Enquirer: 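This is the structure I want to talk about, given as structure tokens.
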Amino acid sequence: LGYISAFAGKSESRLDPKQGIQLQNQFNGIEKLIDSGELAKAENRLNRRAGQYQLNVMPQYFGQWDAIYRKRNDTARMIENWKQAVLNFHGNDNFKNKLAFELFQQNRLVESAEAASIILKANPRYARAHILLGRIAESQKSFGDAVLHLKNGLAVEPNNVSLKIGYEKT
């Protein structure tokens, strides 16, 4: 509820707590449909939600579309989904990182590095972007750059296990 309420003020139509709970229950129902493989039903419900709440696009919306596209192995739509999420929530580094990571997964390394660099330009303390840039450099056999990115990440989050493992491995 807190997550939904945080975005309730994005437009003139605000959600009251009851509406927030009802909306969360609807998202939970959609999640169950996705988990059970009923993707067409989930897609229809998401489209209805989008139509009803056009001015209040919720962050969960993008996560659920991602789950549907992932189950369908539709990587092009996954990437477009995260691009749209970044446009709607331009200050959300997690969405930017999901886009950068999907690009990395598709071996679109230049685009992925650009997306991760944009995150770090605005938020140099975002460790996941340092990890991703390290992985990109490592995949390009630029081990010196990989170590530098991972070292920068460790300076931000010295207890981050992924960074420690990546740094020691590289």
Side-chain angles (χ1 to χ4, degrees), residues 1-15 19-136 139 149 153 156-157 160 162:
L1 177 60
Y3 196 51
I4 289 175
S5 297
F7 293 94
K10 285 192 66 155
S11 73
E12 297 165 5
S13 63
R14 297 180 187 272
L15 292 174
Q19 286 174 312
I21 291 169
Q22 290 171 336
L23 189 57
Q24 185 59 49
N25 288 340
Q26 291 169 0
F27 277 120
N28 290 343
I30 293 168
E31 189 174 324
K32 286 178 184 173
L33 289 172
I34 294 169
D35 290 344
S36 68
E38 297 181 72
L39 302 181
K41 277 186 181 179
E43 192 170 8
N44 287 335
R45 287 194 187 169
L46 274 173
N47 283 328
R48 279 200 319 258
R49 289 301 117 239
Q52 289 176 332
Y53 297 101
Q54 284 180 349
L55 299 176
N56 278 327
V57 176
M58 304 291 174
Q60 296 94 322
Y61 180 82
F62 298 102
Q64 291 189 323
W65 277 114
D66 181 69
I68 289 171
Y69 299 145
R70 195 168 297 286
K71 284 206 176 224
R72 290 184 176 152
N73 293 316
D74 190 343
T75 55
R77 290 181 81 184
M78 273 191 281
I79 289 170
E80 287 307 312
N81 176 60
W82 290 120
K83 285 181 180 179
Q84 190 63 44
V86 168
L87 286 174
N88 279 278
F89 296 96
H90 53 82
N92 187 316
D93 290 335
N94 288 327
F95 285 174
K96 291 175 190 174
N97 189 67
K98 287 182 183 280
L99 173 60
F101 186 75
E102 288 302 331
L103 291 165
F104 174 76
Q105 291 291 95
Q106 299 308 310
N107 206 31
R108 292 165 62 175
L109 302 181
V110 172
E111 291 171 273
S112 179
E114 288 171 358
S117 295
I118 288 170
I119 296 169
L120 289 175
K121 192 177 241 183
N123 183 0
R125 300 189 53 78
Y126 194 79
R128 289 187 214 165
H130 289 292
I131 293 169
L132 184 55
L133 286 172
R135 290 183 68 188
I136 292 168
S139 71
H149 290 298
V156 172
E157 289 188 17
N160 185 309
S162 293

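None of these values were measured; they are calculated from a predicted model.
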Enquirer: With rounding to the nearest 0.5 Å, note down the distance linking NE2 in His90 to CG in Asn92.
Expert: 10.5 Å
Enquirer: Looking only at heavy atoms, which two atoms of Gly134 and His149 are closest? And how far apart?
Expert: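 Result for this residue pair: N-CB, 3.6 Å.
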Enquirer: Kindly give the heavy-atom pair with the smallest separation between Arg135 and Phe101, and that separation in Å.
Expert: NH1-CE1, 3.4 Å
Enquirer: Could you tell me whether a side-chain N or O of Ser117 sits under 3.5 Å from a main-chain N or O of Ala113, the two making a donor and an acceptor?
Expert: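 Answer holds: yes.
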Enquirer: Any chance you could measure Arg70, atom CZ, to Leu39, atom CG, to the nearest 0.5 Å?
Expert: 13.0 Å
Enquirer: Could you tell me whether the side chain of His130 and the main chain of Pro124 form a donor-acceptor pair under 3.5 Å?
Expert: yes
Enquirer: Kindly give the heavy-atom pair with the smallest separation between Ala129 and Ala116, and that separation in Å.
Expert: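 Of all heavy-atom pairs spanning Ala129 and Ala116, the closest is CB-O, 3.8 Å.
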Enquirer: Please evaluate residues Gln60 and Glu31 with respect to the criterion side-chain contact (heavy atoms from CB on, under 4.5 Å), reporting the C-alpha separation (whole Å), side-chain torsions for both, the decisive distance (0.1 Å), and the verdict.
Expert: CA-CA 10 Å; Gln60 296 94 322; Glu31 189 174 324; over 6 Å; no
Enquirer: Tell me whether Lys71 contacts the main-chain N or O of Ile34 through its side chain, where contact means a donor paired with an acceptor under 3.5 Å.
Expert: yes
Enquirer: Quick one: list whatever passes side-chain contact (heavy atoms from CB on, under 4.5 Å) with Asn25, sequence neighbours left out.
Expert: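 Residues passing side-chain contact (heavy atoms from CB on, under 4.5 Å) with Asn25: Ile21, Asn28.
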Enquirer: Tell me whether Glu38 is salt-bridged to Arg45, with the criterion being a basic N under 4.0 Å from an acidic carboxylate O.
Expert: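 Salt bridge absent between Glu38 and Arg45.
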Enquirer: Show your reasoning for whether side-chain contact (heavy atoms from CB on, under 4.5 Å) applies to Glu43 and Arg72.
Expert: CA-CA 12 Å; Glu43 192 170 8; Arg72 290 184 176 152; 2.9 Å; yes
Enquirer: Run the side-chain contact (heavy atoms from CB on, under 4.5 Å) test on Phe104 and Leu133 for me, step by step, so that the C-alpha distance in whole Å, both residues' side-chain angles and the decisive distance to 0.1 Å come before the verdict.
Expert: CA-CA 10 Å; Phe104 174 76; Leu133 286 172; over 6 Å; no
Enquirer: Rounded at 0.5 Å granularity, tell me how far CG in Asn123 sits from CD1 in Ile119.
Expert: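 Reported to 0.5 Å precision, the distance equals 8.5 Å.
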Enquirer: With the side chain counted from C-beta on, respond yes when Leu87 and Phe95 share a heavy-atom pair under 4.5 Å apart, and no when they do not.
Expert: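 They are not in contact (no side-chain heavy atoms under 4.5 Å apart), so the answer is no.
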Enquirer: Rounded at 0.5 Å granularity, tell me how far CG in Asn97 sits from CZ in Arg128.
Expert: 6.0 Å
Enquirer: About how many Å separate CZ of Arg48 and CD1 of Ile30, when rounded to the nearest 0.5 Å?
Expert: 8.0 Å
Enquirer: Taking only distance into account, with no hydrogens and no angle test, what donor-acceptor pairs under 3.5 Å do side-chain atoms of residues 76-84 form with protein atoms, sequence neighbours excluded?
Expert:
unit_1, atom_1, unit_2, atom_2, d
Arg77, NH2, Tyr69, OH, 3.3
Asn81, ND2, Phe62, O, 2.8
Trp82, NE1, Asp66, OD1, 2.9

Enquirer: Rounded to the nearest 0.5 Å, what separation is found between the CG atom of Leu109 and the CG atom of Leu132?
Expert: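 The CG atom of Leu132 is 9.0 Å from CG of Leu109, to the nearest 0.5 Å.
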